[in-house]
Amino acid sequence: MRQKRIKGVDETLLSSRGVIVDVIKLTLPDTTIAIEIGSGKGDFITNLAKDYPHTHFIALEKNKYVCYRILEKKESMDLNNLTIVLGDAIDLETYLGEKQVDQIYLNFSDPWPKKRHHKRRLTANTFTPLYLKILDAQGMLQFRTDHEVFFDDSISYLEKSFELYDINRDLPVSLYMTEYEVKKRKIGPIYQLKGKKRHVTKAL
């Protein structure tokens with residue numbers, strides 16, 4: 001969906017108010033780290049940050065106008081445990097160190113339905129090596145979508161690298177939902193899975 005332009009919003013404004021706009025190594029506290037990749041307008045991650053003040057959250061979003069909406073929520077809720085990054089998932093290895101992240105959230109990312117575009121999906125093999133690198137040994141990935149075919153395809157992608165569990169094809173309403181999820185629940189079911197890194201045992 002095309003996002004509306006917001007007059008006066010640019011990288012200079014975002015940076016002046018604390019949004020990370022350069023592809024750099026993030027300076028983060030020594031605590032539990034959770035990242036939402038593709039945060040939309042931020043309802044999901046800001047509510048998590050409000051309820052879990054001892055976890056540090058990262059909102060990664062590549063649209064500057066959407067980042068501004070997250071920023072508005074962060075400031076109104078006084079969330080000191082939330083870092084907003086205007087950037088792309090392909091740069092995760094630069095933003096974050098090896099095994100630095102405890103939780104990854106992928107919420108309602110673009111399903112890229114045409115086969116020639118499948119490599120762009122955030123659950124595809126293009127991105128899973130990045131997740132494996134930044135996730136702690138006990139780290140968790142959570143994926144949520146309203147697109148059943150995308151969900152089934154994502155199971156086949158992710159099960160190669162993650163031990164999948166809690167696969168749910170009719171997710172109940174929760175306290176932590178994106179704006180998009182609230183809208184789509186009126187039409188059909190929401191799908192969710194969780195996964196932990198597979199641990200490969202080397203042969204002696």
Side-chain angles (χ1 to χ4, degrees), residues 1-6 34-52 55 57-70 72-74 77 82 84 88-90 92 101 103-128 130-131 135 139-198:
M1 185 189 307
R2 184 178 296 276
Q3 299 299 326
K4 293 182 179 178
R5 294 173 60 89
I6 304 173
I35 181 170
E36 183 185 20
I37 301 172
S39 294
K41 295 179 182 178
D43 275 7
F44 176 87
I45 199 158
T46 54
N47 282 316
L48 273 175
K50 173 175 62 69
D51 289 349
Y52 294 90
T55 295
F57 293 88
I58 303 165
L60 179 66
E61 174 56 52
K62 62 182 181 180
N63 183 291
K64 62 186 175 183
Y65 304 117
V66 178
C67 266
Y68 182 74
R69 296 305 184 198
I70 307 171
E72 289 181 316
K73 293 181 174 72
K74 174 183 176 176
M77 298 165 75
L82 174 62
I84 304 171
D88 195 287
I90 204 68
L92 283 171
V101 174
Q103 298 154 7
I104 295 175
Y105 296 101
L106 304 174
N107 290 321
F108 302 93
S109 52
D110 194 326
W112 294 106
K114 293 181 180 179
K115 190 170 183 178
R116 68 177 182 271
H117 294 152
H118 283 187
K119 65 182 179 181
R120 301 182 186 181
R121 291 171 163 179
L122 286 180
T123 53
N125 298 334
T126 310
F127 295 98
T128 48
L130 303 178
Y131 306 152
L135 268 177
M140 181 274 294
L141 179 145
Q142 178 178 291
F143 168 61
R144 192 179 294 180
T145 184
D146 64 316
H147 195 291
E148 186 175 16
V149 173
F150 181 28
F151 186 71
D152 289 337
D153 288 348
S154 295
I155 289 175
S156 67
Y157 304 149
L158 294 170
E159 66 184 0
K160 298 172 185 176
S161 304
F162 291 87
E163 296 177 13
L164 302 184
Y165 65 100
D166 196 15
I167 297 174
N168 195 319
R169 292 181 177 273
D170 192 7
L171 187 70
V173 171
S174 72
L175 295 174
Y176 310 109
M177 299 188 293
T178 69
E179 307 85 346
Y180 185 88
E181 178 177 348
V182 172
K183 177 181 177 181
K184 287 297 181 177
R185 280 187 170 278
K186 300 173 184 177
I187 301 172
I190 302 300
Y191 306 90
Q192 179 180 281
L193 62 78
K194 296 180 181 180
K196 288 185 177 282
K197 290 170 68 172
R198 287 191 181 279

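Small disclaimer: the values here were computed from a predicted structure and weren't measured.
In terms of modelled atom types and a separation under 3.5 Å, the side chain of Q192 and the main chain of N107 share no donor-acceptor contact. With hydrogens and angles ignored, the 3.5 Å screen pairs a side-chain donor or acceptor of K73 with a backbone N or O of K41. The backbone N or O of M77 sits nowhere less than 3.5 Å from a side-chain atom of K50 that would complete a donor-acceptor pair. Checked by atom type and distance alone, the side chain of T178 pairs as donor or acceptor with a backbone atom of E181 at under 3.5 Å. Proximity of a side-chain donor or acceptor of E159 to a complementary backbone N or O of L164 within less than 3.5 Å is not detected.
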Problem set entry | Verdict with supporting geometry, I84 and E61, side-chain contact (heavy atoms from CB on, under 4.5 Å) | CA-CA 8 Å; I84 304 171; E61 174 56 52; 6.0 Å; no
Problem set entry | Candidate pair E148 and R169, rule salt bridge (charged side-chain N to carboxylate O under 4.0 Å, His left out), full reasoning | CA-CA 8 Å; E148 186 175 16; R169 292 181 177 273; 3.8 Å; yes
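T46 places none of its side-chain heavy atoms less than 4.5 Å from the side chain of E36. Residues K160 and N125 are in side-chain contact: their nearest non-hydrogen atoms beyond the backbone lie under 4.5 Å apart. Side-chain contact between R5 and Y65 is present, with at least one heavy-atom pair separated by less than 4.5 Å. Looking only at side-chain heavy atoms (C-beta outward), L92 and V101 stay at 4.5 Å or farther from each other. Looking at heavy atoms from C-beta onward, D166 lies out of side-chain contact with Q142 at the 4.5 angstrom threshold. Between D110 and R120, the closest side-chain pair of non-hydrogen atoms is not below 4.5 Å. I37 places none of its side-chain heavy atoms less than 4.5 Å from the side chain of F127. By the 4.5 Å heavy-atom criterion applied to side chains, D43 and M177 are not counted as neighbours.
For the residue pair S109 and L122, the shortest heavy atom distance occurs at CB-CD1, 3.6 Å. The minimum heavy-atom distance linking S39 with I70 is given by the pair CB-CD1, 3.8 Å. Here the shortest heavy-atom pairing between N168 and D170 reads OD1-N, 2.8 Å. For T126 against I90, the heavy-atom pair with the smallest separation is CG2-CD1, 4.5 Å. Of all heavy-atom pairs spanning H118 and K114, the tightest one is CD2-O, 3.1 Å. When all heavy atoms of K119 and A124 are compared, the closest pair comes out as O-CB, 4.1 Å.
For the side-chain contact (heavy atoms from CB on, under 4.5 Å) with L193, the qualifying choice from L106, T123, I155 is I155, the only one to do so. Only one option out of M140, K194, K197, K196 pairs with F162 in a side-chain contact (heavy atoms from CB on, under 4.5 Å); it is K197.
Expressed to the nearest 0.5 Å, how far OH of Y157 lies from CG of D152 amounts to 10.5 Å. How far OH of Y191 is from CG of D146: 8.5 Å, rounded to the nearest 0.5 Å. Note: K184 NZ to F108 CZ = 10.0 Å, rounded to the nearest 0.5 Å. Atom CG of L175 sits about 9.5 Å away from atom CG of L48, to the nearest 0.5 Å. The line from CD1 of I58 to CG of L82 is 9.0 Å long, rounded to the nearest 0.5 Å. Between T128 atom OG1 and L135 atom CG the span is 11.0 Å, to the nearest 0.5 Å.
One side chain, Q103 or Y105, offers a donor N or O that lies under 3.5 Å from an acceptor on the other.
In this structure, F150 and H147 have perpendicular ring planes: the angle between them is above 60°, well past the 30° mark. Using the six-membered ring where Trp is involved, F151 and F143 have ring planes that are parallel, under 30° apart on the 30 and 60° scheme.
Applying the side-chain hydrogen bond (donor to acceptor under 3.5 Å, both in side chains) rule to D153 yields the partners R121; only residues at least two apart in sequence or on another chain are considered.
The neighbour count for K62 NZ, taken as heavy atoms of other residues, nucleotides or ligands under 6.0 Å away, does not exceed 12.
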